[in-house]
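In what follows, residues are counted from 1 in the order of the sequence shown. Just so we're clear, the structure is a prediction, and the values are computed from it rather than from any experiment.
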Amino acid sequence: MAVGSEPLERGEPLERLLGEAARAGAYPGAAWAVGDARGTLAEGAVGVLDPARPEEPVRTDTLFDVASLTKILAVWAVTGTLVDAGKLDLSAPLGSFWPEAAGRPLAEATALHLLTHTAGLPLRANLRNLYGSDPQDVRDGVLAEPLRHRPGAEVAYTDRAALVLGYLVEHLAGGPLPRLAAERVWAPLAMTETRYGPLPPAVRERCAPTEYDEETGAPLRGTVHDFSARLLGGACGIAGVFTTTADIGRFLRPLLDPRPGVLSADWTAASLRVRTGELTPPRGLFWHPAPGTGPSEDLWTHTGFTGTGMWVSPARGRWAVLLTNRLRLTRDPGPLARVRDAFRALAFP
């Protein structure tokens with residue numbers, strides 16, 4: 001029997017690990033799932049939505065602000081549909097086909113550079129302090145910003161790569177990113193719970209809160225935590241998506257199945273391999289090798305600042321997702337990082 005199809009003994013070790021971490025204060029609560037190309041092998045939920053409201057437990061259908069998982073669920077996925085349709089050449093200089101990039105520092109960079117975090121874009125910074133609060137001013141400022149280094153010279157993770165790539169796919173596909181993601185990816189995969197915020201009142205109560213909002217004095221619930229995304233109306237390439245473990249499972253399952261689907265097997269294969277040569281840290285296309293495993297083990301991941309993470313391994317035929325709202329309690333990433341490592345080891349034995 002292949003490793004990816006082995007039972008998880010009803011997920012008891014995972015449930016125990018995550019429950020103990022919740023009680024130790026790594027996060028208020030968590031939802032998780034592990035599966036293969038056919039479906040979910042095990043799933044569960046532990047803890048509470050908010051320590052101030054202990055009567056509300058986390059459930060398997062709890063919605064989470066998934067932060068940087070937006071980069072995969074929206075930007076990477078929509079980009080893949082454009083590549084598959086022959087509408088985007090990853091190796092073409094942006095200035096050669098995108099008028100907004102022509103004559104600007106990004107003109108010689110490519111979509112491949114953006115996807116591998118090698119474009120030389122500045123690292124994360126407060127967009128409002130740099131460019132003001134008008135979305136068009138932010139867009140103009142980001143695209144006009146000088147590069148830190150020539151494209152392809154270094155690997156440096158920056159939210160700006162997803163922001164710029166989001167702008168690019170909107171230009172190529174002729175619509176806003178939330179609509180493109182919904183029409184091209186989420187609806188075809190029956191991801192009915194996945195959407196950009198702010199969430200409507202009817203579903204907001206199922207959402208795990210994150211940090212306190214300095215303006216209201218209450219935890220953000222159904223409104224994106226990421227300040228840059230809020231500045232841009234709650235929806236951009238950086239962050240803004242809310243979803244459930246079940247919907248992420250629906251997204252990850254086809255990545256293990258070579259049959260034709262929303263995203264081609266070629267796009268998945270091109271993304272889940274090192275595309276940065278000898279540069280470090282190694283990167284695929286927005287995906288990266290799971291920390292501590294090395295690219296040869298074929299285990300790829302992406303994580304989010306709010307306390308989220310997902311993993312996929314075509315070689316093992318397995319996927320996993322862990323969603324928490326650790327920001328409701330702490331900004332210290334250490335405790336959750338240790339839980340993620342242990343979760344990964346149990347989910348991919």
Salt bridge between [X] and [Y], side-chain N to carboxylate O under 4.0 Å?
{"X": "Glu145", "Y": "Arg104", "answer": "no"}
{"X": "Arg221", "Y": "Glu56", "answer": "yes"}
{"X": "Asp298", "Y": "Arg273", "answer": "no"}
{"X": "Arg139", "Y": "Glu100", "answer": "yes"}
{"X": "Asp341", "Y": "Arg338", "answer": "no"}
{"X": "Arg53", "Y": "Asp50", "answer": "no"}

Donor-acceptor pair, distance only, cut-off 3.5 Å: does the side chain of [X] make one with the backbone of [Y]?
{"X": "Arg160", "Y": "Val142", "value": "no"}
{"X": "Asp84", "Y": "Ser264", "value": "yes"}
{"X": "Arg230", "Y": "Val224", "value": "yes"}
{"X": "Glu170", "Y": "Leu177", "value": "yes"}
{"X": "Thr118", "Y": "Glu154", "value": "no"}

* To do: Evaluate the criterion ring-ring contact (aromatic ring centres under 6.0 Å, His included) for residue pair Trp311 and Trp287; output intermediate values, then yes/no.
  => CA-CA 9 Å; Trp311 298 260; Trp287 293 87; 10.0 Å; no

To the nearest 0.5 Å, what is the distance between [atom1] ([X]) and [atom2] ([Y])?
{"X": "Tyr27", "Y": "Leu327", "atom1": "OH", "atom2": "CG", "answer": "14.0 Å"}
{"X": "Leu112", "Y": "Ser91", "atom1": "CG", "atom2": "OG", "answer": "8.0 Å"}
{"X": "Thr245", "Y": "Leu322", "atom1": "OG1", "atom2": "CG", "answer": "10.0 Å"}

Closest approach of [X] to [Y] (non-hydrogen atoms, all atoms of both residues):
{"X": "Phe343", "Y": "Leu17", "value": "N-CD2, 3.5 Å"}
{"X": "Arg259", "Y": "Asp257", "value": "NH2-OD2, 2.6 Å"}
{"X": "Thr244", "Y": "Asp61", "value": "CG2-O, 3.6 Å"}
{"X": "Tyr157", "Y": "Ser68", "value": "OH-OG, 3.5 Å"}

* If you group Ile, Leu, Val, Met, Phe, Trp and Tyr by side-chain heavy-atom gaps below 4.5 Å, do Leu189 and Ile248 land in one group? ->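 Same cluster.
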
* With the 4.5 Å side-chain cut-off for hydrophobic clustering, are Phe305 and Met310 part of the same group? ->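 As far as the 4.5 Å side-chain criterion goes, Met310 and Phe305 are not connected within one cluster.
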
* **Arg283 side chain to Thr276 side chain, donor-acceptor N/O pair below 3.5 angstrom** =>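 There is no such pair (donor and acceptor under 3.5 Å, judged by atom type) between the side chains of Arg283 and Thr276.
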
* Asked: With respect to Leu69, which candidate in Val241, Thr308, Thr306 satisfies the side chain to side chain contact (heavy atoms under 4.5 Å, CB included) definition?
  ->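 Going through Val241, Thr308, Thr306 one by one, the side chain to side chain contact (heavy atoms under 4.5 Å, CB included) with Leu69 is satisfied by Thr308 alone.
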
* Asked: Does the ring centre of Trp300 sit less than 6.0 Å away from the ring centre of Trp319?
  ->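 Not close enough - the centres of the two rings lie 6.0 Å or further apart.
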
* Parallel under 30°, tilted from 30 to 60°, perpendicular over 60°: which one fits the rings of Phe286 and His117? ->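 Rings of Phe286 and His117: parallel, under 30°.
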
